[in-house]
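Remarks on the structure that follows.
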Protein chains: 2
Amino acid sequence: MSQNQTPLRGRPKKLDRNLILQSALMEYWTKGPSNVSINDICKLTGASKPGVYREFSNDDGLKKSALETYQTLAVQPLLDILYSDKPISETIDAAISFITQDRKSMGVPNGCLLVMMTAQSEQLGSSTLEELNRIRANLFTAYFSWVKRAKLEGELSDLETNETALYLENQHIGAMRMQREGISNETIANVLNFAFKMAFSKKPKLLLN
Amino acid sequence: MSQNQTPLRGRPKKLDRNLILQSALMEYWTKGPSNVSINDICKLTGASKPGVYREFSNDDGLKKSALETYQTLAVQPLLDILYSDKPISETIDAAISFITQDRKSMGVPNGCLLVMMTAQSEQLGSSTLEELNRIRANLFTAYFSWVKRAKLEGELSDLETNETALYLENQHIGAMRMQREGISNETIANVLNFAFKMAFSKKPKLLLN
DNA sequence: AAGAATAAATACCTATAGGTACGATAATGA
DNA sequence: TCATTATCGTACCTATAGGTATTTATTCTT
């Protein structure tokens with residue numbers, strides 16, 4: 001976490017890696033990863049362009065590093081919730097609270113960087129894309145194991161575990177999309193609550209026809 | 001629809017508006033609207049750049065026109081289904097069939113241009129954005145009125161009409177996302193079938209806790 | 001035949017993206 | 001003191017984006 005580990009030799013480093021990383025993450029998150037250039041980051045942080053390239057190799061490297069920061073900041077907490085051993089209904093509530101918490105008061109942009117990057121994946125470099133797929137696979141696995149756990153606890157759904165996980169993933173992505181479009185967190189929470197409880201309903205529902 | 005309506009004066013038009021429109025639409029749809037340049041379209045169709053600009057004014061104009069084509073080609077059929085007066089369950093099936101039909105055999109790309117444009121909306125010009133919002137609003141209204149109709153027919157859900165419509169919109173977008181990511185249409189249909197039937201279930205479901 | 005009107009295409013423009021060459025600078029070790 | 005090591009930042013490079021000035025070609029009207 002600290003700036004330098006080895007008491008090094010040459011000219012002391014002035015470049016603030018952490019500042020750049022934070023700024024880049026916020027910019028990507030707010031404006032979308034494809035709408036932020038290295039030049040923007042330089043202007044924003046006062047860093048020189050070669051400095052940024054020295055530190056992160058290239059655009060792809062910076063995006064990848066920012067994405068890693070995002071993972072620990074915004075994805076890991078959700079994984080922790082999904083992997084908790086609390087009853088399913090509590091897990092649902094915790095997940096919904098986390099997803100729909102007020103971003104503004106936390107100084108964090110609306111929406112989800114994963115979702116944005118996925119939507120613009122054709123514009124990403126290879127290492128960012130790799131990282132993105134890794135994180136998304138982890139998240140999907142978390143949904144999958146959540147569903148499996150629910151089944152062990154007696155919750156059944158009509159769908160295969162895999163398909164239920166896909167369904168849950170859709171709800172999450174949908175929530176992030178709604179949030180980004182300015183829909184109130186209360187509305188989003190209502191929709192999510194409905195959608196999640198559906199997936200974990202105990203018995204086959206009474207269907208039309 | 002025809003090339004020239006008034007038997008006009010000057011040098012006869014060589015530029016094939018329709019070819020450009022079709023090519024542009026397919027390119028946007030396949031690669032994402034931000035990953036296709038006017039130059040690409042020119043190379044693809046053999047048109048000259050000033051020719052394209054004469055016809056569509058600018059990049060924004062071309063994208064807007066392509067989006068209009070998309071609307072009549074891919075959105076209107078869904079609107080027709082949603083506004084049909086068939087029983088809800090039949091409407092559900094029809095919508096799912098339409099959404100998950102095999103694109104390859106129809107010579108049409110996977111995914112949804114509306115969804116892609118929405119995801120990249122910061123990179124769109126004003127008139128394309130306007131058109132996009134118009135079409136999306138129409139689609140949302142269709143979902144909304146579908147839900148209202150279902151309620152008249154005795155189908156109830158826990159959610160307000162507006163929130164149910166948001167939920168349905170999410171399922172549709174989610175389906176398009178899955179399709180674009182290569183998930184089989186059968187799986188998508190299963191997920192959609194589950195999600196839609198949930199929204200239109202007759203009674204409050206048996207919930208956990 | 002002489003405009004008037006329209007479309008053609010080459011060759012250009014500006015802005016900005018990602019990326020780097022290179023000389024200057026600041027520390028350490030001998 | 002002087003090489004060594006490593007970072008600094010100005011000024012540049014190439015590629016490509018959107019967009020256009022200009023000249024030439026082809027038609028209809030008078």
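Numbers restart at 1 for each chain; the letters A, B, ... are given by sequence-line order, proteins then strands.
Between the side chains of B:N190 and B:T187, no donor N or O sits under 3.5 Å from an acceptor N or O. A donor-acceptor pair shorter than 3.5 Å cannot be found between the side chains of B:T141 and B:N138.
For the pair B:K14 NZ and D:dT24 P, the computed distance is 18 Å after rounding to whole Å. Protein atom CG of B:N58 is 16 Å distant from nucleotide atom P of D:dA17, rounded to whole Å. One atom, NZ of B:K13, and another, P of C:dA9, lie 13 Å apart when rounded to the nearest Å. For B:K63 and D:dA17, the NZ to C1' distance is 10 Å, given to the nearest whole Å. Atom CZ of B:R11 and atom P of D:dT27 are 8 Å apart (whole Å). Nucleotide D:dT20 holds its P atom 12 Å from the CG atom of B:D59, rounded to whole Å. The distance from atom CZ of A:F56 to atom P of C:dG19 is 14 Å, rounded to the nearest whole Å. As rounded to whole Å, 17 Å separates atom P of D:dT26 from atom CG of B:L15.
Taking the six-membered ring for Trp and the full ring otherwise, the centers of A:F140 and A:W146 sit at least 6.0 Å from each other.
Looking at heavy atoms from C-beta onward, A:L129 lies in side-chain contact with A:S121 at the 4.5 angstrom threshold.
For A:R9 against C:dT28, a side-chain-to-base donor-acceptor contact under 3.5 Å is present.
When atom types are taken as modelled, the side chain of A:Q120 and the backbone of A:S34 share a donor-acceptor pair closer than 3.5 angstrom. Listed for the B:T30 side chain is a donor-acceptor partner under 3.5 Å among the backbone atoms of B:M26. Looking only at distances, no side-chain donor or acceptor of A:R103 sits under 3.5 Å from a matching main-chain atom of A:V108. For the pair B:Y167 (side chain) and B:A199 (backbone), a donor-acceptor distance under 3.5 Å is absent.
Taking a 6.0 Å sphere around CD of B:E122, one finds it holds more than 12 heavy atoms contributed by other residues, nucleotides or ligands.
If you check residues 23-55 of chain A against DNA chain D, the residues with a heavy atom closer than 4.0 Å are A:S48, A:P50, A:R54, listed by number.
Summary of helix geometry: the two end axes of the helix from C:dA1-D:dT30 to C:dA30-D:dT1, each defined by five base pairs via their C1' atoms, are inclined to each other by 20° (rounded to 10°).
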